[in-house]
A.B. asks: 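What follows is a single structure, and I will ask about it in a moment.
Keep in mind the model is a prediction, meaning the values are calculated, not measured. Lettering follows sequence order; numbering is per chain, from 1.
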Number of protein chains: 2
Amino acid sequence: MSLICVGSLAYDAIETPFGKRERIVGGSAAYVAYAAANFVKPVNLVSIIGNDFEEAEIKSLEAKGVSFEGVERVKDKKSFFWSGKYHMDMNTRDTLVTDLNVLADFNPIIPNSFQGSEFLMLGNLHPATQISVINQMKTVPRLIAMDTMNYWISSAIEDLKLVLKMVDVLMVNDTESRELTGEYSLVKAARKIMEMGPKFLIIKKGEHGALLFHKDEVFFAPALPLEEVFDPTGAGDTFAGGFMGHIARTKDISFANMKTAIIVGSAMASFCVEKFGPERLKEINKKEIDDRIRQFIDLVNFDISLV
Amino acid sequence: MSLICVGSLAYDAIETPFGKRERIVGGSAAYVAYAAANFVKPVNLVSIIGNDFEEAEIKSLEAKGVSFEGVERVKDKKSFFWSGKYHMDMNTRDTLVTDLNVLADFNPIIPNSFQGSEFLMLGNLHPATQISVINQMKTVPRLIAMDTMNYWISSAIEDLKLVLKMVDVLMVNDTESRELTGEYSLVKAARKIMEMGPKFLIIKKGEHGALLFHKDEVFFAPALPLEEVFDPTGAGDTFAGGFMGHIARTKDISFANMKTAIIVGSAMASFCVEKFGPERLKEINKKEIDDRIRQFIDLVNFDISLV
């Protein structure tokens, strides 16, 4: 009972240059949970679903060790639905449809049985909702990490500034870090963001890897060079799930261990993009994960003697 | 007498968001030589200059250990001149002026005293010129590396394909690797390029680091996250100079040592962008270089035990 993940469950329609899926399970919490459950069980999910969310998808997550006790089921509405289409370079996408449905009324409640969880991952939600979750925790978690997006930076900056003072780790992409601070240099942006509250900052750069900042230290993890990025949907959430899963498994919140957690997150994200939605995450096993982490070691490991 | 660098010497006019220089020494060979001379002496320069090339600039390079014996001096023409202006994001620039001047007639001659050099760096020149240099070498160098650019890919592809069969290492940027192969995926592009001849391929991604490919192996070196990139001019050539300087110093052409050489090249490039043109390269010392390489070790080093 060590990791709580709060976020959306959804159905997505996705089109990439390699094909399309009309209806595939998605939402930040699905990706976080699928990734984290490889490292820690149970993953305590807090989310909301409608009457169209299939029992088979619930069973699939539960089989991985995800608890649905904190997932609200709304009988007369549909689940959150998102549809997007990726451009040829896979770095940009157009959102075609966003039907909030049940997510419009999402007011997450932490079940009593989830109290005492040591680690909390707040997916991309209204910052006021993120604050509400933190305030429900009777014991302050050892580490609180959160995601956000440009929409909240422009529409809810005051609430966002409040929640930033309450969390330990912020995960954003490079564009969001620039929008949040007005600084183009990521090093300068990182310094400003850490002054806003988070002791640790992860800046995700997609295919160009991720940076971890803490005080004056910086660590870089590359993305694995892949033959094909099949579908980038959920890669950032999968990264977060791998990161928090490793932290929750090791219960070590040092900077040194966060570096390792970033590598684990990057490895999980590299699986995510190999198939549509969370399809690849549903099938991977421990050996594949270990092999992938070894590829990351080979990718960046070098010997040097300064003479 | 182990490293020959063939390339341009020039004057540049550079404007960046941080200021401008009306006239500063440049050209690929200047950057390669300034970087490589920190690791191996002499650096045997093969280039061409006009009547406007200042003696002080020659003395500055000679003081670093660069030999001008292979530099042709043309009395009735001016040196190659390039002028460019960088956009705010520093990733794109407009070329304002390209006056080839002496470079239009550059027909490099390898002096007898340079024969026997074990390492050869061919800067970005017409591929037929690069072939002419290789053919002049009475003993085949242990390692031949070359740079090229999109201009030759579109205007001299047949000559380019010929020279690619004669070299060991190709250095290009990500865009060039895609143009050369028609593949968007860098992994696929790398495989196609290695089939064209080079056993080793370096794909430079600017602020996003560099990849080294060899057979089925891949290594990634990040760029150092910097507060400011002051002027990116010459960073790629400086990278090449650091890479070849390290190889020439260690005389080790294994994949393992090339990984180290990429880190050394990345460290040198990180100095280059801190001031205009090669200004920063003129002043750095061994201690600063060692400290910078340690920063790269800290940047990517992590511990993991797979349990």
A.B. asks: Roughly how far apart are A:Leu201 CG and A:Leu186 CG, rounded to 0.5 Å?
C.D. replies: 9.0 Å
A.B. asks: Looking at B:Thr260, B:Asn38, B:Asn257, which one forms a side-chain hydrogen bond (donor to acceptor under 3.5 Å, both in side chains) with B:His246?
C.D. replies: B:Asn257
A.B. asks: Side chain, backbone, both or neither: which part of B:Val229 has a heavy atom under 4.5 Å from chain A?
C.D. replies: neither
A.B. asks: Report the relative orientation of the aromatic rings in A:Phe18 and A:Phe230; use parallel for angles under 30°, tilted for 30 to 60°, perpendicular for over 60°.
C.D. replies: parallel
A.B. asks: If you count heavy-atom pairs within less than 4.5 Å of chain B, which of A:Glu207, A:Gln295, A:Lys205, A:Arg191 leads?
C.D. replies: A:Arg191
A.B. asks: Please classify the contact between B:Ile263 and chain A as side chain, backbone, both or neither, with a heavy-atom cut-off of under 4.5 Å.
C.D. replies: side chain
A.B. asks: Distance under 6.0 Å and angle within 45° of the ring axis: does B:Arg292 meet both against B:Phe271?
C.D. replies: yes
A.B. asks: Hey, which of B:His208, B:Lys259, B:Lys188 has the most heavy atom pairs under 4.5 Å with chain A?
C.D. replies: B:His208
A.B. asks: Below 4.5 Å, heavy-atom pairs only: which of B:Ile262, B:Leu226, B:Leu212, B:Asp298 has the largest tally toward chain A?
C.D. replies: B:Leu226
A.B. asks: Of the backbone (N, CA, C, O) and the side chain (C-beta and beyond), which part of B:Phe220 lies under 4.5 Å from a heavy atom of chain A, both, or neither?
C.D. replies: both
A.B. asks: What residue in A:Val300, A:Leu299, A:Val187 has the most heavy-atom pairs under 4.5 Å with chain B?
C.D. replies: A:Leu299
A.B. asks: Can you tell me how the ring of A:Phe219 sits relative to the ring of B:Phe302, calling it parallel under 30°, perpendicular over 60° and tilted otherwise?
C.D. replies: perpendicular
A.B. asks: Measure B:Glu217 against the heavy atoms of chain A and call it side chain, backbone, both or neither at under 4.5 Å.
C.D. replies: neither
A.B. asks: Can you tell me if OH on A:Tyr151 sees more than 12 non-hydrogen neighbours from other groups inside 6.0 Å?
C.D. replies: no
